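Report on one structure; see the data block that follows.
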Amino acid sequence: MKINFYPDSDAEGLAEAAKEYKQVWEKEGERIVSQIEKVSGLKFIRKFLSAIIWLEEYGWSFPLSFSYTTPPQERAKEITHELCHRIVVQNKIETKNFTI
């Protein structure tokens, strides 16, 4: 799966954080995808996503967004968490009876 990371604006720190998220994805992306698919028993439908890096203090799955304040050592976990939301939605799994 390919993810392009874009800064949400020209605010200080966003472009650098987008670069860092891209590096994490290049290093960990294949492993993250394969482990999510293995554990969930589902497959990602979309093979291309865009993600924004923003000033908020949290990530979001729709639109795919990550916080520039997330410490570098936590970014792979943040990506994994939001992609877990995505794989559930892509596979049309009903989520009203449980929390992800």
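For clarity, every value in this text was computed on a predicted model and none was experimentally measured.
- A side-chain donor-acceptor contact under 3.5 Å links S67 to the backbone of E56.
- Under the 30°/60° scheme for interplanar angles, the aromatic rings of F66 and F5 are found to be tilted.
- Open room surrounds NZ on K38; 12 or fewer heavy atoms of other groups in view lie less than 6.0 Å from it.
- Remark: side-chain polar atoms of E78 are not paired, donor with acceptor, to backbone N or O of T70 under 3.5 angstrom.
- Follow the hydrophobic side-chain contacts under 4.5 Å out from I87 and you reach W25 in the same cluster.
- Put simply, the side chain of S65 gets close to the backbone of P63: a donor and an acceptor are under 3.5 Å apart.
- Surrounding CD of E26 are more than 12 heavy atoms belonging to other residues, nucleotides or ligands, all under 6.0 Å away.
- Counted within 6.0 Å of CD on E30, heavy atoms from surrounding residues, nucleotides or ligands total 12 or fewer; the atom is thus considered open.
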What's the verdict on side-chain contact (heavy atoms from CB on, under 4.5 Å) for H85 and E82, showing C-alpha distance, side-chain angles and the deciding distance? CA-CA 5 Å; H85 290 290; E82 299 309 338; 3.4 Å; yes

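- One hydrophobic cluster, built from ILVMFWY side chains closer than 4.5 Å, cannot hold both I79 and V89; they sit in different ones.
- Using modelled atom types, no side-chain atom of Y68 and backbone atom of A18 make a donor-acceptor pair closer than 3.5 Å.
- Checking R31, R86, K43 one by one against E37, the salt bridge (charged side-chain N to carboxylate O under 4.0 Å, His left out) holds for a single residue, K43.
- Around the CD atom of Q73, the shell of radius 6.0 Å holds more than 12 heavy atoms that belong to other residues, nucleotides or ligands.
- There is no path of hydrophobic side-chain contacts, each under 4.5 Å, that joins L14 to W60.
- Atoms CD1 and OH, on I52 and Y6 in that order, are 12.0 Å from each other to the nearest 0.5 Å.
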